[in-house]
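Beneath this line is the structure, given in structure tokens, with notes to follow.
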Amino acid sequence: MHAAFNASYLEALHGAFPGAQITVCAHPPHNDALRSEASDIPDLRFLERPALYEGERTRPLYNSNLQHFFGLLKGAWTARNFISRAAKKTRADLIVMIAPPPLIVGATRLAAIPRETLVHHVVFHQLKTAKQDTRRNPLWKAFSFRNEVRFSKRDTVSFVLLEEYIKSSFDAYFSDLKPNSFFLPHPIAKASEDIVLAPKSKPVKVGFVGQARPEKGFLEFLAMAEALSSPDIEFHVIGHLLDAVHDFDLSSLATKPTAAKIPQAQFAAALASVDCIVQPLSAAYGEYSSGTILDAVAYEKPLFCFENRIMQSQAERGQPIGFMANTLDALIDAVRDFALRQDEDQVNAWRRNMQLMKEERSTQSLAALYRRYVTGMKA
């Protein structure tokens, strides 16, 4: 499901530097997905990246902190070696690391990258979650994200922050790196299915997008389904369970989460078919530039969420894109009201704001901004 976002990022990069050779280095399944999503981008090549961690996880799972730590070091060294080989093979002028896993930012300092080559680390979450200075374990304190970023510091290494509030967080946390950080709005993947307006017929289809895990609000979604599910309201999960089978009661769901990731085409078709999206993100995930929320924007689906930064920032601009609540009861009431009344004026207002948001984050707009940052041109 990240392939659509990465394809949008690559499209903006190509628009910023038309004619440049872009080489994607990812593990094979992601390369395959990107080949499909980015098939219309010329000058695109692919290198196979080795697995950094067992099972292609973003971070390894081990029984002890020491095993975890050495697992991270092994993954970082694997990445360092691969980055060195890829930089030499492709002779890149710019290397972009999208959401690098733990210790990879620091590993790029050790990679054999020519001094004149630009390196961009793309970050899409606020960095207050990375403040590890208070951890008791001396290993984690020594290898905190703060120290990792400081270790990677050099004139040609920059950080791309995918929302204004994320850049503010970064600048506050790393004030000395402010000249090497810039804000680029998080790209919104293009809708690959027709945008369908909410019908005035029943049942109303309520969707949950992405990994079905507690941190992303899946338990609250299940509670809402249990409270509201009826012949008039259906609840559909567009995503998969993470890890092994969990002991969740899924009986209230019309569409249950799958055991494995679903193909992008199936994901897009399911997203286009629902009438609204409910995403009760936890406080930690609410600080991210949430791809699930941006997927809903791409398909102009009314959003019902706990408070999160990306919707808050839109509301502060006078362009709300959905309903936010502080409690599950308030969210349930709002979804019930939507299903019963389907306030057309409210939905149309949200849709207009989503359309404005998509225009601001179009490939052309992002390409111009990216080109200006990278080449040092002034606005």
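One-based numbering along the sequence shown.
- Under a 3.5 Å cut-off, the side chain of Arg49 and the backbone N or O of Ala26 do not form any donor-acceptor pair.
- The shortest heavy-atom contact between Lys216 and Phe208 is O-CE1, 3.3 Å.
- Looking only at side-chain heavy atoms (C-beta outward), Val206 and Val274 stay at 4.5 Å or farther from each other.
- The existence of a salt bridge linking Arg317 and Glu164 is excluded, since no basic side-chain nitrogen approaches an acidic carboxylate oxygen closer than 4.0 Å.
- Few gaps surround NZ on Lys256; more than 12 heavy atoms of other groups in view lie less than 6.0 Å from it.
- Side-chain contact annotation: Asp329 with Thr327, donor-acceptor N/O pair under 3.5 Å absent.
- With a 6.0 Å radius and a threshold of 12 heavy atoms from other residues, nucleotides or ligands, Lys358 has its NZ atom above the threshold.
- No donor-acceptor pair under 3.5 Å is formed between the side chain of Gln211 and the backbone N or O of Gly239.
- In this pair, Phe304 and Trp350 present their aromatic rings perpendicular. The plane angle is above 60°, beyond the 30 to 60° band.
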Self-check item: Verdict with supporting geometry, Asp232 and Ser230, side-chain hydrogen bond (donor to acceptor under 3.5 Å, both in side chains)
Solution: CA-CA 5 Å; Asp232 291 335; Ser230 72; 4.8 Å; no

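- Asp295 approaches Val209 most closely through the heavy-atom pair OD2-CG1, 4.4 Å.
- With a 4.5 Å cut-off on side-chain heavy atoms, His14 and Pro42 count as touching.
- When every heavy atom of Ile195 is checked against every heavy atom of Arg351, the shortest pair comes out as CG2-NH2, 4.4 Å.
- In this structure a side-chain-to-backbone donor-acceptor pair under 3.5 Å is present from Glu148 to Gly106.
- Two residues are said to be in side-chain contact when any heavy atoms from C-beta on lie closer than 4.5 Å; Leu13 and His120 fail this criterion.
- Although no hydrogens or angles enter the test, the distance criterion places a donor-acceptor pair under 3.5 Å between the side chain of Asn180 and the main chain of Asp155.
- No donor-acceptor distance shorter than 3.5 angstrom exists from the side chain of Ser169 to the backbone of Tyr165, with no hydrogens or angles considered.
- Using a 4.5 Å heavy-atom threshold, the side chains of Cys305 and Met311 count as touching.
- Connection of Tyr299 to Ile262 is established within a shared hydrophobic cluster, with ILVMFWY side chains joined at heavy-atom distances below 4.5 Å, either directly or through further cluster members.
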Exercise. Using the side-chain contact (heavy atoms from CB on, under 4.5 Å) rule, take Phe170 and Leu177 through it: C-alpha gap first, then chi angles, then the decisive distance, then the call.
Key: CA-CA 9 Å; Phe170 185 92; Leu177 290 177; 4.1 Å; yes

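- Proximity of Arg45 to Gln21: side-chain heavy atoms (C-beta onward) are separated by under 4.5 Å at one or more points.
- Nearest heavy atom pair, residue Val347 against residue Pro302, reads CG1-CG, 3.9 Å.
- There is a path of hydrophobic side-chain contacts, each under 4.5 Å, that joins Tyr173 to Val105.
- Listed by chain and residue number, nothing satisfies the side-chain hydrogen bond (donor to acceptor under 3.5 Å, both in side chains) test with Lys89 (two or more places apart in sequence, or in another chain).
- Listed here is the closest heavy atom pair of Asn6 and His30: ND2-NE2, 2.7 Å.
- Checked by atom type and distance alone, the side chain of Arg109 pairs as donor or acceptor with a backbone atom of Lys153 at under 3.5 Å.
- Glu226 CD: 12 or fewer foreign heavy atoms inside a 6.0 Å radius.
- Among Phe235, Phe306, Phe248, the one residue that satisfies the ring-ring contact (aromatic ring centres under 6.0 Å, His included) test with Phe221 is Phe235.
- Judged by distance alone, the side chain of Ser36 and the main-chain N or O of Ala33 form no donor-acceptor pair under 3.5 Å.
- In terms of the side-chain contact (heavy atoms from CB on, under 4.5 Å) criterion, Asp93 has no residue partners (sequence neighbours excluded).
- Placement of Ile104 and Phe70 within a single hydrophobic cluster is found when ILVMFWY residues are connected by side-chain heavy-atom separations under 4.5 Å, directly or transitively.
- Under the 4.5 Å side-chain criterion, counting only non-hydrogen atoms from C-beta, Val204 is not in contact with Leu340.
- Looking only at atom types and distance, the side chain of Ser181 has a donor-acceptor partner in the side chain of Lys167 under 3.5 Å away.
- Between Arg361 and Glu163 there is a salt bridge, with a side-chain nitrogen of the basic residue lying less than 4.0 Å from a carboxylate oxygen of the acidic one.
- Among the candidates Ile321, Asn308, Ile310, Val278, the single residue satisfying the side chain to side chain contact (heavy atoms under 4.5 Å, CB included) test with Leu303 is Ile321.
- Among all heavy-atom pairs drawn from His121 and Val157, the shortest one is CD2-CG1, 3.8 Å.
- Between the side chain of Asn353 and the main chain of Pro320, a donor-acceptor pair closer than 3.5 Å is present.
- For Glu234 (side chain) and Lys205 (main-chain N/O), no donor-acceptor pair under 3.5 Å exists by modelled atom type.
- Side-chain contact between Leu331 and Glu220 is absent, with no heavy atoms from C-beta onward closer than 4.5 Å.
- Below 30°, between 30° and 60°, or above 60°: for Phe5 and His186 the angle between ring planes is between 30° and 60°, a tilted geometry.
- In this pair, Tyr370 and Phe17 present their aromatic rings perpendicular. The plane angle is above 60°, beyond the 30 to 60° band.
- At least one donor-acceptor pair closer than 3.5 Å links the side chain of Ser84 to the backbone N or O of Ala112.
- Other residues, nucleotides and ligands place more than 12 heavy atoms under 6.0 Å from the CD atom of Gln355.
- Counting heavy-atom neighbours within 6.0 Å of Asp176 CG, excluding the residue itself, gives a total above 12.
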